[in-house]
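These figures come from a predicted structure and were not determined experimentally. Remember, it's 1-based here, ligands and their atoms both numbered in the order they're listed.
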Amino acid sequence: MTLRFDHRVAVVTGAGRGLGRAYAQLLAARGAKVVVNDPGGSLTGGGNDPGPAHSVVDEILTAGGQAVANTDTVATAEGGQAVIDTALEAYGRIDILIHNAGIVRRGALRDMTYEDFDAVLDVHLRGAFHVVRPAFPPMCDAGYGRVVLTSSIGGLYGNHGVANYAAAKAGILGLCNVVALEGAAHGVTCNAIVPGAVTRMAEGLDMSAYPPMGPELVAPVVGWLTHENCSVTGEVYVAIAGRVARVAVSESPGVYRPEWTIEEVDANIDAIRDMSAPVSFPVVPDGHGAHIRYSFDRAAPRVGTS
Ligand code: NAD
């Protein structure tokens, strides 16, 4: 059965180009009313151009879909509020929020300016809060919501020259977990996408050996995460060059001792690091508590546990 979004209202930040454009077009083609947000700046965040947001709206309308443009920045609280207000004013509700907006400012850590660090956090991480914060109450009040935040391979594993971007993209996973936890009782899910696609963010890279990796290989995964059928929350999904996979935090079981010295850490480091039987704790319903209980059980095993 075709999975559709009739009567659903979606906000996609940074939807004037690249991945966001693909998400907006896919949801609109399946019946969603879409707010296409994009101030249309440069890759590093400079300037404004209403053209990209409006041309995506025009494409959607021409194809028979429904969409409105918003050109506010997500980098400020006022801008984020205005993005969400556009959905509430134009369509009276918000069911889906995809925070996808992004900029890149590269620089080696030893040279990175505070301005470049802040500018990247403002769009990716604070930008996520600036749109989640006003969208979350109406979603909870309506008893339904689908939030997707955008992380990155750089957020999971780092990369050279992007301390700002890596920190922001890792921080987004922390926010995602809490949205999932606090939304669970209200029918609101939140998951993160780790996309890989050839967009303007790939400018300057040698892509001659890359397999096909357009945004259309990522959009269906984000589409499912924003659909009623989405049965997961507090999770992280990779979509790159046709590979779709789940990412999870895992821990080694570790070593328990009632007392430790530096020498005993030294003697046990291989066993401490041994990931051959990893444990992981799903965020929802209570990964935080499960982690603590697992750790405490090592100190004082309850009857029936080891
Ligand atoms: P892109 O540059 O093509 O699109 C990003 C869009 O965000 C642009 O249209 C831009 O104008 C918009 N934007 C920038 N600042 C904004 C702001 N303050 N408010 C609202 N919109 C703003 O890049 P993309 O590759 O499509 O990236 C989309 C998202 O995916 C980003 O969060 C990016 O970090 C992430 N990502 C992309 C890749 C990849 O391989 N392309 C990999 C990992 C993560």
- [ ] Do me a favour and list the nearest non-hydrogen protein atom to atom 18 (N) of ligand 1 with residue, atom name and distance?
- [x] Thr73 OG1, 2.8 Å
- [ ] Just need the protein heavy atom nearest to atom 2 (O) of ligand 1, so name the residue and atom and give the distance.
- [x] Arg200 NE, 2.8 Å
Open item on the list: Give the atom numbers and elements of ligand 1 that come within less than 4.0 Å of a heavy atom of Tyr165.
Closed with: 33 (C), 34 (O), 35 (C), 36 (N), 43 (C), 44 (C)
TODO: Look at atom 25 (O) of ligand 1 and say which protein heavy atom is nearest, naming residue and atom and giving the distance to 0.1 Å.
DONE: Thr199 OG1, 2.5 Å
Open item on the list: Heavy-atom distances under 4.0 Å decide this one: backbone, side chain, both or neither, for Met201 against ligand 1?
Closed with: side chain
- [ ] Share the residues that join Tyr210 in a hydrophobic cluster, the rule being Ile, Leu, Val, Met, Phe, Trp or Tyr side chains under 4.5 Å apart at the heavy-atom level.
- [x] Ile153, Leu156, Tyr157, Leu173, Val194, Val198, Leu205, Met207, Met213, Val236, Val238, Ile240, Val247
TODO: State if Val123 counts as touching ligand 1 under the rule of any non-hydrogen atom under 4.0 Å.
DONE: yes
Open item on the list: Does Arg8 qualify as a cation-pi partner of Tyr144, given the criterion of NZ or CZ under 6.0 Å from the six-membered ring centre and within 45 degrees of its axis?
Closed with: yes
TODO: Could you list which atoms of ligand 1 come closer than 4.0 Å to a heavy atom of Gly196?
DONE: 40 (O)
TODO: Run the contact test for Ser151 against ligand 1 with a 4.0 Å cut-off on heavy atoms, strictly below, and give the result.
DONE: yes
TODO: Do me a favour and list the nearest non-hydrogen protein atom to atom 4 (O) of ligand 1 with residue, atom name and distance?
DONE: Arg17 O, 4.1 Å
Task: Close approach, His124 and ligand 1, non-hydrogen under 4.0 angstrom - done: yes
Open item on the list: Counting neighbours of CG on Leu109 that are heavy atoms of other residues, nucleotides or ligands and sit closer than 6.0 Å, is the number greater than 12?
Closed with: no
Open item on the list: Does the residue His99 have a heavy-atom contact with ligand 1, meaning some pair of atoms that are separated by less than 4.0 Å?
Closed with: no
- [ ] Kindly compute the distance separating CZ (Phe129) from CZ (Arg126), expressed to the nearest 0.5 Å.
- [x] 11.5 Å
TODO: Before accepting this row, confirm whether a basic side-chain N of the pair Asp286/Arg293 lies closer than 4.0 Å to the acidic partner's carboxylate O.
DONE: yes
Task: Protein heavy atom at shortest distance from atom 38 (C) of ligand 1 - done: Pro195 O, 3.7 Å
Task: Mode of Asn37 contact toward ligand 1 - side chain, backbone, both, neither (heavy atoms, under 4.0 Å) - done: side chain
- [ ] Identify the two heavy atoms, one from Ser276 and one from Asp274, that lie closest to each other, and give their separation to 0.1 Å.
- [x] OG-OD1, 2.7 Å
Open item on the list: Starting from atom 6 (C) of ligand 1, what is the nearest protein heavy atom, named by residue and atom, and what distance separates them?
Closed with: Gly14 O, 3.5 Å
Task: Heteroatom proximity flag, Val74 to ligand 1, N/O under 3.5 Å - done: yes
- [ ] May I ask you to list the atoms of ligand 1 that are less than 4.0 angstrom from any heavy atom of Thr150?
- [x] 29 (C), 30 (O), 32 (O), 35 (C)
Task: Polar contact flag for Asn100 and ligand 1 (N/O pairs, less than 3.5 Å) - done: yes
TODO: Check if Ala197 has a non-hydrogen atom at a distance under 4.0 Å from any atom of ligand 1.
DONE: yes
Open item on the list: I'd like to know if the side chain of Asn37 reaches the main chain of Asp72, judged simply by a donor and an acceptor atom lying under 3.5 Å from each other, with no hydrogens or angles considered.
Closed with: yes
Open item on the list: With a 6.0 Å cut-off (strictly less than), is the heavy-atom count around CZ of Arg133, excluding the residue itself, greater than 12?
Closed with: no
Open item on the list: Suppose I only count heavy atoms of Gly18 and a 4.0 Å limit; which atoms of ligand 1 are within that range?
Closed with: 3 (O), 26 (O)
- [ ] Could you list the atoms of ligand 1 found under 4.0 angstrom from a heavy atom of Ile103?
- [x] 14 (C), 15 (N)
Open item on the list: Between Thr86 and Val83, is there a side-chain heavy-atom distance shorter than 4.5 Å?
Closed with: no
TODO: Name the closest protein heavy atom to atom 5 (C) of ligand 1, giving the residue it belongs to and the distance to 0.1 Å.
DONE: Gly102 O, 3.8 Å
Open item on the list: Under 4.0 Å, counting heavy atoms only: does Pro39 come that close to any atom of ligand 1?
Closed with: yes
Task: Note: Glu59-Arg21 ion pair, threshold 4.0 Å (strictly below) - done: yes
Open item on the list: Return the NZ to CD1 distance between Lys33 and Ile96, rounded to the nearest 0.5 Å.
Closed with: 11.5 Å
Open item on the list: Please report the interatomic distance CD1(Ile172) to NE2(His99), rounded to the nearest 0.5 Å.
Closed with: 5.0 Å
TODO: Would you give the length of the straight line joining atom CD of Glu216 to atom CD of Gln25, rounded to the nearest 0.5 angstrom?
DONE: 11.0 Å
Task: Which residue and heavy atom of the protein sit nearest atom 9 (O) of ligand 1, plus the separation - done: Asp38 OD2, 2.6 Å
TODO: Check whether any N or O atom of Ser152, backbone or side chain, sits under 3.5 Å from an N or O atom of ligand 1, and answer yes or no.
DONE: no
- [ ] With side chain to side chain contact (heavy atoms under 4.5 Å, CB included) as the test, would you mind laying out the steps for Trp260 and Asn268 before giving the verdict?
- [x] CA-CA 10 Å; Trp260 285 92; Asn268 282 280; 4.0 Å; yes
